[in-house]
Chemist: 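Dropping the structure in here first, questions after.
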Amino acid sequence: LAIERAGHSRVHGTALARDKANDLAVLKTGIKPENVTSLRTNLRVGENIAVYGFPLSSRLATTGNFTVGYVSALAGLGDDSSKFQISAPIQPGNSGGPVLDHYGNAVGVIVSTATSAIIADRSGVAPQNINFAIKANIARSFLDANGIQADSAPQTTKIYEFADLAERAKLTTVKILCEK
């Protein structure tokens with residue numbers, strides 16, 4: 001694995017643990033984080049969220065992209081309770097990126113879009129911004145099971161403007177490149 005952080009050299013990492021069902025991994029690198037994001041597990045429908053990641057990075061900005069939306073539903077396709085639905089647009093390359101609340105806490109991890117699932121269902125409906133994230137409590141359980149301590153006290157006092165939240169997200173998010 002190779003890891004890229006905006007403005008820094010590419011480093012190599014090792015996967016210490018994987019959860020294929022939830023598309024999560026624990027990676028070990030030599031990177032010292034400039035900022036750490038707390039996990040928050042209680043979500044509400046209608047809540048503002050933001051997504052940061054590296055969608056279509058061979059064509060779009062390689063330094064990362066920030067977009068906003070709302071929590072649309074507290075379950076994924078087929079009432080999957082491990083996921084929640086968001087309206088923020090995502091593309092290939094967003095997977096693994098954080099879903100942040102307006103306090104800068106991670107409330108989820110981007111995992112998929114419904115496009116192919118709905119098309120496979122042959123409903124004939126063209127989906128728009130039907131995207132999903134793994135809930136923070138699933139990520140926390142995965143980290144706990146692998147001996148990684150996550151901050152258990154979410155930040156709830158300072159509300160970030162979106163531009164400030166984007167800067168914060170840039171400091172806490174890296175691009176992961178799977179090499180063969």
Side-chain angles (χ1 to χ4, degrees), residues 1-4 13 15-27 36-60 64-102 104-121 123 125-146 148 150-151 154 165-166 168-170 172-179:
L1 296 169
I3 289 86
E4 290 181 356
L16 299 179
R18 291 183 177 109
D19 176 347
K20 289 183 182 184
N22 291 307
D23 196 21
L24 297 171
V26 172
L27 306 177
V36 177
T37 302
S38 297
L39 296 174
R40 183 172 70 87
T41 58
N42 55 335
L43 275 177
R44 294 178 9 183
V45 171
E47 203 172 320
N48 285 333
I49 52 90
V51 173
Y52 189 85
F54 302 92
L56 303 170
S57 64
S58 63
R59 294 189 177 139
L60 299 177
N65 285 272
F66 179 83
T67 189
V68 297
Y70 298 92
V71 174
S72 303
L74 296 178
L77 285 173
D79 282 332
D80 181 348
S81 63
S82 69
K83 296 177 181 74
F84 62 98
Q85 182 182 331
I86 62 169
S87 66
I90 64 167
Q91 311 297 328
N94 274 113
S95 183
V99 178
L100 303 166
D101 67 10
H102 58 265
N105 300 304
V107 295
V109 179
I110 292 297
V111 71
S112 65
T113 186
T115 303
S116 60
I118 289 178
I119 290 170
D121 188 41
S123 67
V125 175
Q128 296 178 5
N129 291 337
I130 301 174
N131 304 304
F132 301 98
I134 297 292
K135 290 180 178 176
N137 64 321
I138 302 296
R140 181 182 304 279
S141 294
F142 174 68
L143 293 172
D144 289 347
N146 289 285
I148 308 296
D151 190 345
L165 187 57
R168 184 174 171 82
K170 186 175 182 176
T172 61
T173 308
V174 297
K175 180 178 174 182
I176 300 168
L177 305 155
C178 298
E179 301 172 327

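A quick note: this is a predicted structure, and the numbers were derived from the prediction, not measured.
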Chemist: For Y70, is there any backbone N or O sitting under 3.5 Å from a side-chain donor or acceptor partner on S87?
Modeler: yes
Chemist: Would you say the side-chain atoms of K170 pair up with the backbone N or O of Y52, donor to acceptor, closer than 3.5 Å?
Modeler: no
Chemist: So V107 and F84, do their side chains get closer than 4.5 Å, heavy atoms only?
Modeler: yes
Chemist: How close do I90 and N94 get, counting heavy atoms only, and between which atoms?
Modeler: CA-OD1, 3.4 Å
Chemist: For N65, enumerate each residue passing the side-chain hydrogen bond (donor to acceptor under 3.5 Å, both in side chains) test, keeping only those at least two apart in sequence or located in another chain.
Modeler: none
Chemist: Check step by step if side chain to side chain contact (heavy atoms under 4.5 Å, CB included) holds for V71 and V99.
Modeler: CA-CA 10 Å; V71 174; V99 178; over 6 Å; no
Chemist: Test K135 against T41 for side chain to side chain contact (heavy atoms under 4.5 Å, CB included), laying out the working first.
Modeler: CA-CA 7 Å; K135 290 180 178 176; T41 58; over 6 Å; no
Chemist: Should we say atom CG of N42 is surrounded by more than 12 heavy atoms from elsewhere, each under 6.0 Å from it?
Modeler: yes
Chemist: Is a donor on one side and an acceptor on the other found under 3.5 Å between the side chain of T172 and the backbone of A169?
Modeler: yes
Chemist: Tell me, with the steps shown, if V68 and N48 meet side chain to side chain contact (heavy atoms under 4.5 Å, CB included).
Modeler: CA-CA 7 Å; V68 297; N48 285 333; over 6 Å; no
Chemist: Distance from S141 atom OG to L24 atom CG, nearest 0.5 Å?
Modeler: 10.5 Å
Chemist: What's the separation between atom CD in Q91 and atom CD1 in I110, rounded to the nearest 0.5 Å?
Modeler: 11.0 Å
Chemist: Give me the atom names and distance for the closest heavy-atom approach of F54 to T173.
Modeler: CE1-CG2, 3.9 Å
Chemist: Does the side chain to side chain contact (heavy atoms under 4.5 Å, CB included) test come out yes or no for F142 and N22, once each step is laid out?
Modeler: CA-CA 9 Å; F142 174 68; N22 291 307; over 6 Å; no
Chemist: Does K83 reach the main-chain N or O of L77 with its side chain, forming a donor-acceptor pair under 3.5 Å?
Modeler: no
Chemist: As an exercise, state the distance from CD1 of I130 to OG of S112, rounded to the nearest 0.5 Å.
Modeler: 11.0 Å
Chemist: Kindly give the heavy-atom pair with the smallest separation between A139 and V109, and that separation in Å.
Modeler: CB-CG2, 4.5 Å
Chemist: Kindly say whether A88 contributes a backbone atom to a donor-acceptor pair with the side chain of N131 at under 3.5 angstrom?
Modeler: yes
Chemist: Tell me, do D23 and S95 make a side-chain contact under 4.5 Å, heavy atoms counted?
Modeler: yes
Chemist: For residues G104 and L165, report the shortest heavy-atom separation together with the two atoms involved.
Modeler: CA-CD1, 3.6 Å
Chemist: What are the two closest heavy atoms between A17 and N146, and how far apart are they?
Modeler: CB-OD1, 3.1 Å
Chemist: Residues in salt bridge (charged side-chain N to carboxylate O under 4.0 Å, His left out) with D19, at least two apart?
Modeler: none
Chemist: With rounding to the nearest 0.5 Å, note down the distance linking CG in L100 to CD1 in I49.
Modeler: 8.5 Å
Chemist: Exactly one of R44, R40, R168 should register a salt bridge (charged side-chain N to carboxylate O under 4.0 Å, His left out) with D101. Which one does?
Modeler: R40
Chemist: If you look at every heavy atom in L143 and L39, which pair is closest and at what distance?
Modeler: CD1-CD1, 4.1 Å
